[in-house]
Amino acid sequence: MGLRAGLRERVRAVLRDRYGIPTEVELEPITEPRPWGYSTNVALRIAGRLAEEEIARLDPSLSKKERKRREKALVREHALRAAEELAAELSRELPAGVARVEAENGFVNFYLDPAVYGRELIGQILADPAGLARGEPRQEKVMVEFSQPNTHKPFHVGHLRNTLLGNALSNLLEFAGYPVVRANYYGDIGLHVIKCLWGLMHLGELGIEREEGESEGRFLGRVYSAVDRLLGEDGPERERVEREIRTLHQRWDRRDPEVVDLWEKTRRASLEEFRRIYRDLGVSFELEFFESQVEEAGKEAVRDLLEKGVAEVSQDPEYRGAVFVDLAEKTGDETLGKLVILRADGTTLYSTKDLALARIKFERYGIDRSLYVVASEQSLYFRQIFAILRLWGFPQAERCVHIPYELVVLPEGKMSSRRGTVVLFDELWDRAVELYTAITRRKREERGGEEEGEEENARLIALGAIKYYMLAVDKMKQVVFDFDEALSPDGRSGVYLQYSYVRARRILEKAGLDPDGAGAELVPGEEVELQPAEVGLMRRMDGFSFVVEQALEQLDPSPLAHWAYQLARDFTDFYTACPVIRAGEPSRSFRLALTAAFARLMETVSTRLLSIGLPREM
RNA sequence: GGCCCCGUAGUUCAAUGGAUAGAACGACCGCCUCCUAAGCGGUAGAUACAGGUUCGAUUCCUGUCGGGGCCA
C-alpha cells in the first residue's frame, strides 16, 4: 500500500473509532505556499453533524439571521476542534516519510519529510516511471472512434484537433488499464462525395483545373467548395445542379459503373493522403470503417426498424416517403424530436450508416464500451442515435458514449469550405516544418553540433508545437485558430517540454551516464541537504497520479498537457538553481537521480500519453 | 421559441467545492567567463451581473447579459 492510501486508511479508522462516523476520506495535495504534503477536509465535512446537538439547543426566539450566524460559528468551532483532535490522534504514530501532522483552518495536513519520501519517490520512478499512476489491467474493452475525415474533402485543423484529442484519450484509457481499440470511420460516401463527383464531371463549368503539383486532397477540396458555392447561390442554375446531383446520387445507388469508377479513383487518392497525414502525425488505428461499407447494412437496419414499428414513413408533403423515427413520441423526451434515417429517394444518411455501424461494433468486435469523439454540435444527433438503438432492442446502447469537444474556429467565425475559409492541415504543417527547420539550423550553428538527423528533429519539434497547442485547451472550449500561437516556440509550448527534456539528457550525458538508462542505483542512502527547487520538482512529480485521475474523470487530456508544462517548468527551476555535475556528494548523485527521474516521467506524460515526441538534441 | 456549451489580467489559457485565483504571450527593466538564452529574474494587470445552496463558490443551482452551437 502506498503512503497516501495508508494515510487515508488511518484517517478513516480514527473517524470511525472516535466519532463513529464512517465516511470516505479524500487526500489531496496541499496547495502551493504551504510545504509538500497531503491534506484532508474531513473535519470540515463532519462538523455539521458534530454541531447538530448544540444547534438544536439554540434559543428559539433568536432572529433567523442571528440564528444562522450562530449556527455557522458553532460548525466552525467544531470543525477546528475536530481537526485538532484528529491531528493529535494521528500524530501518535507517523508512517515513514511523514514529518508531522497539523490542524490548520479545519484541514488536517500531513507534511512530508522530503528527504525520506522524496528518495522513495525517485526510486519508484526510476524503477517504473508509469507505476505512479498507471491503472490495473481491466477487462472492459473500449473502442474509441475518432478522426472521421470525409474523403473528397481536405483534412483541416478541425480534423487535427479531433485526431489528437482522440489519440491522447486512447493513450490515457490504455494507461488506465483498458484494452483500447482505436477506430477511424471514413466518410467515403454520401451527399458530399456525390457533389464532388458532379464537380469533377463539370470542371469546365466550374472553371477549375488541377494545378501543377497540387495534392489530390486539395484539388478535390477546391472542387467540392466550388460546387458548394454554386449551391449556395439562388437561381435556376442552382435548381438544375441540385437536380443533377440527385440524379447522380441515384446512379451511385444503382452502382452505375461510370460513377463507381470515378468514386474509386478519387476515394483512393483521398485515403492515401489521409494515411500520409496520420503517418506525419504519428497516429495509427487498429480498425478502419468506411461509410460505403455500411450503406447496405444501414438500409437493412431501416427495414428492420420499420418492421418493428420503431420507424415510420413520412406523410409530410415536404418529406413524403422519407423514413424517420419520432423520438419525442416514442421516448416521451420532447427534446429528442424526430430523426430521419433514410431519404425519400432511398439514399442513405449519416444516421442510416451510424445505426448499422454501432451494431457491427458490438456484434463483430465484442467491445464493451463505445466512445465517439465527435464535435459537440452533434450532441443531439448522438442522443437520438443512441435512443434509436435502445428502441431497436440493443442493450449496448447504454454503453455508447459521445465524447463532445468544441470546434476549431477562425477569428472571423466558423471555418467554411463554401467561403474557402478553411485552414488545411497541410498548410499548417508546411509552415511549421519550414519555420522549425530554420530555427533548428540556426540553433545548431550557434552552438555547434551534428547536422545529422536535423531534418527529422525539426519535424519532431514542429509537431510538438502543434500538438501541444491543440491539446492544452479544455476540450469544451473553442480553439480560435492562430498560426503564430500554434507555431510559437516560446513560453508555454510543446517546445518548452522538449527543451527541458533535452537539457536533462545532456546533464546525464555529461556526467557519463546513459540518458536512457540511468537508474535507481544513483539514489543515495544518506541524508541529503535539499534545496527548495529540488523539493519543488519532487512535489510536482508526486502530483502525477492526481492529474491522471483528473484527466480520466474529465476524459480530457488537457490537464496532462498543463501538468507536463509545470513539470518542465519545475525542472528548469531546479537546474537553474542547482548545479548537478559539479555538486559535491551526496548531492551530486541525488541530483543526477532526480534528473533521470524527471526524464523518465517526461517521457511518460509527453511521449506515451500526449504523443508528443521528445528529441535527443535541440 | 426549446435545448446544449463557453464567459477569469490587454490577449491565450490554469485552478477534483477549499487555504493568499496561477501561468504564458504582449509591454517595461535586467541576465550568456558557470550542465544549451528554444532559457532565467523583476514590474504592471482578472473571476460578466444579480440572487441562492454551503462552514467555505471561479467551480454547484436559478435568473439576466454576452459569445458559439443544435433543433428532418
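As a basis for the values below, the full set of heavy atoms in this structure was taken, side chains included, without hydrogen atoms, waters or symmetry mates. Remember, predicted model here, so these are calculated numbers, not experimental data.
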Contact class for [X] (heavy atom, under 4.0 Å): base, sugar-phosphate, or nothing?
{"X": "A/T572", "result": "sugar-phosphate"}
{"X": "A/E549", "result": "nothing"}
{"X": "A/Y381", "result": "nothing"}
{"X": "A/I461", "result": "base"}
{"X": "A/S376", "result": "nothing"}
{"X": "A/R569", "result": "sugar-phosphate"}
{"X": "A/D484", "result": "nothing"}
{"X": "A/M476", "result": "sugar-phosphate"}
{"X": "A/K510", "result": "sugar-phosphate"}
{"X": "A/V409", "result": "nothing"}
{"X": "A/E509", "result": "nothing"}
{"X": "A/F546", "result": "nothing"}
{"X": "A/K68", "result": "sugar-phosphate"}
{"X": "A/I581", "result": "base"}

Would you state whether a donor and an acceptor, one from the side chain of A/N109 and one from the base of B/A19, lie under 3.5 Å apart? yes
Counting only distance, no hydrogens or angles, is the base of B/A24 paired donor-acceptor with the side chain of A/S488 under 3.5 Å? no
Quick one: does any side-chain atom of [X] pair with a main-chain N or O of [Y] as donor and acceptor, under 3.5 Å?
{"X": "A/H249", "Y": "A/I245", "value": "no"}
{"X": "A/R588", "Y": "A/I581", "value": "yes"}
{"X": "A/N41", "Y": "A/L44", "value": "no"}
{"X": "A/N457", "Y": "A/E617", "value": "yes"}

What is the base-pairing partner of [N], counting Watson-Crick and G-U wobble geometry with both distances under 3.5 Å?
{"N": "B/C31", "answer": "B/G39"}
{"N": "B/U11", "answer": "B/A24"}
{"N": "B/G51", "answer": "B/C61"}
{"N": "B/G66", "answer": "B/C6"}

Would you measure the distance from the C1' atom in B/U53 across to the matching atom in B/G30 and give it in whole Å? 50 Å
Would you confirm whether the ring centroid of A/F544 sits within less than 6.0 angstrom of the ring centroid of A/W563? yes
Toward the 5' end of RNA chain B, by each residue's nearest nucleotide, A/T335 or A/P489: A/T335
Find the distance between CD1 (A/I461) and CD (A/E454) and round it off to the nearest 0.5 Å. 9.0 Å
Ignoring the backbone of A/R492, work out which of B/C35, B/C70, B/A24 is nearest its side chain. B/A24
Whole angstrom is fine here: how far is it from CG in A/L508 over to P in B/C35? 16 Å
Taking 5.5 Å and 30° as the limits, would you call A/F107 and the base of B/A19 a stacked pair? yes
